[in-house]
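Some notes on the structure that comes next.
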Amino acid sequence: MAGMNLTPYDPSTFILTGITGLESAHEWISILFSISYIISLLGNFMLLCVVGKEQTLHKPMYLLLCMLALTDIATSTSVVPKALCIFWFNLKGITVGGCLIQMFFLHAVSIMQSAVLVIMALDRYVAICRPLRYDIILTKAQIAKLGLVGLIRAVLFSLPMPLLLSRLPFCSNRIIPTTFCEHMAVAKISCGDITVNKMYGLVIVILVIGLDVTLIALSYGLIIRAVLRISSKTAHQKALNTCTAHIFVMLMSYTPVLFSNLTHRFGQDIAPHIHIILSNLYLLVPPMLNPIIYGIKTKELRDKVGKYTCRS
């Protein structure tokens, strides 16, 4: 009940409105959120359990899938519980500190996930273009080091965001028109100068998303060139099949986030609820579909999951 008594002028609290313009549909939207969250948790935890139990799956590719599963769980868990509190109980308040923590955690996990996708593209490049050196180049220790570098990068790039926001003044308007605390969404309700915030957000888009997408595109460009040189149709098809799931996941991950970032800066004519829905889709759909896609497209993983499912 405390959340219902909050006013927009409480200096220690922000108000998350949910999906602005679709308040009457919040109960129905909450069903979709709940279903996607449950599927995400079940699918990703199952992937982690199967890979953890099966020694034959303790390979770089599956360790990377585990990293991706952990980021998927963290992404959806950082958003969905609070969103459901808004939809079901009208608990829209979030403390300033809680908002900044959620924002830091969410952006750090997103940047870490992008790093994992880059390492996965590198993994496929080495597996197809340098197969004889695969076990030498990409050992489990090497994957762990790359993962650590990705984590450090995520923390270093995300930490300035809450620090930049903490220096801004917030006046009477403390209403954030979305379901979670996102850097630019919070900055826009400030009554101070947010030029630095806009510039830093653009730097993140260029240095993280732009660089990562470029590296991924370069990796798959080299993979496609190598595949086209394979004379055997069977080997040709096998090589393409190993990349299909990765390419689909990357398109699904980067397309909404790029669109969301662009609409924040240039999409003044786009209806607010469209932007909010797209932002939430980026945080809900990939965590739900990633384990399904890899479970279907990766035969070795599919067989192991089938074994444990039939046994239970």
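The analysis underlying the following values was restricted to heavy atoms, covering all of them including side chains, and did not include hydrogens, waters or symmetry mates. Numbering of residues begins at 1 and proceeds along the displayed sequence.
Rounding to the nearest 0.5 Å places CD1 of I292 at 10.0 Å from CG of L42. Interatomic distance, OG1 of T139 versus NZ of K145, reported as 7.0 Å (0.5 Å rounding). Separation of atoms CG (N197) and OG (S190) is listed at 7.5 Å; rounding is to 0.5 Å. For the atom pair CE (M161) and NE2 (H107), the distance works out to 5.0 Å, reported to the nearest 0.5 Å.
For Y134, the OH atom counts as densely surrounded, since its 6.0 Å shell holds more than 12 non-hydrogen atoms of other residues, nucleotides or ligands. Around the CZ atom of F248, the shell of radius 6.0 Å holds no more than 12 heavy atoms that belong to other residues, nucleotides or ligands. For CE of M252, the number of neighbouring non-hydrogen atoms (other residues, nucleotides, ligands) closer than 6.0 Å is greater than 12. The environment of CZ in R133 is sparse: at most 12 heavy-atom neighbours from other residues, nucleotides or ligands sit within 6.0 Å.
No chain of hydrophobic side-chain contacts below 4.5 Å, direct or via other Ile, Leu, Val, Met, Phe, Trp or Tyr residues, connects V109 to M250. Side-chain heavy atoms closer than 4.5 Å link hydrophobic residues (I, L, V, M, F, W, Y) into clusters, and following such links, even through other members, never connects V116 to F105. Criterion: ILVMFWY side-chain heavy atoms under 4.5 Å apart, direct or through other members. Under it, M199 and L156 are not part of a common hydrophobic cluster. One hydrophobic cluster holds both L22 and I31 under the rule that ILVMFWY side chains link at heavy-atom gaps under 4.5 Å. Cluster membership for L63 and V149, using ILVMFWY side-chain heavy atoms within less than 4.5 angstrom, is not shared.
For the ring-ring contact (aromatic ring centres under 6.0 Å, His included) condition, the pairs that include at least one residue of residues 15-52, sequence neighbours left out, are H26-F87, F33-F87. For residues 26-48, the set of pairs meeting the salt bridge (charged side-chain N to carboxylate O under 4.0 Å, His left out) definition, not counting sequence neighbours, is empty.
By the 4.0 Å N-to-carboxylate-O rule, D135 lies too far from R130 to be salt-bridged with it.
Ring pair Y220/Y125: centre-to-centre distance not below 6.0 Å.
Checking each of D72, D212, T75 against Q113 for a side chain to side chain donor-acceptor pair (under 3.5 Å) leaves exactly one that passes, namely D72.
Of all heavy-atom pairs spanning V186 and C99, the tightest one is CG2-SG, 3.9 Å.
Between the side chains of T298 and Y62, no donor-acceptor pair of N or O atoms lies under 3.5 Å. Between Y282 and S253, the side chains place no donor N or O within less than 3.5 Å of an acceptor N or O (distance only, hydrogens not considered).
With sequence neighbours left out, C49 forms a disulfide bond (SG atoms under 2.5 Å apart) with no residue at all. In this structure K59 satisfies the salt bridge (charged side-chain N to carboxylate O under 4.0 Å, His left out) test together with E300, sequence neighbours excluded. With sequence neighbours excluded, no residue forms a salt bridge (charged side-chain N to carboxylate O under 4.0 Å, His left out) with E23. Residues satisfying the salt bridge (charged side-chain N to carboxylate O under 4.0 Å, His left out) test with D303, not counting sequence neighbours, are K299.
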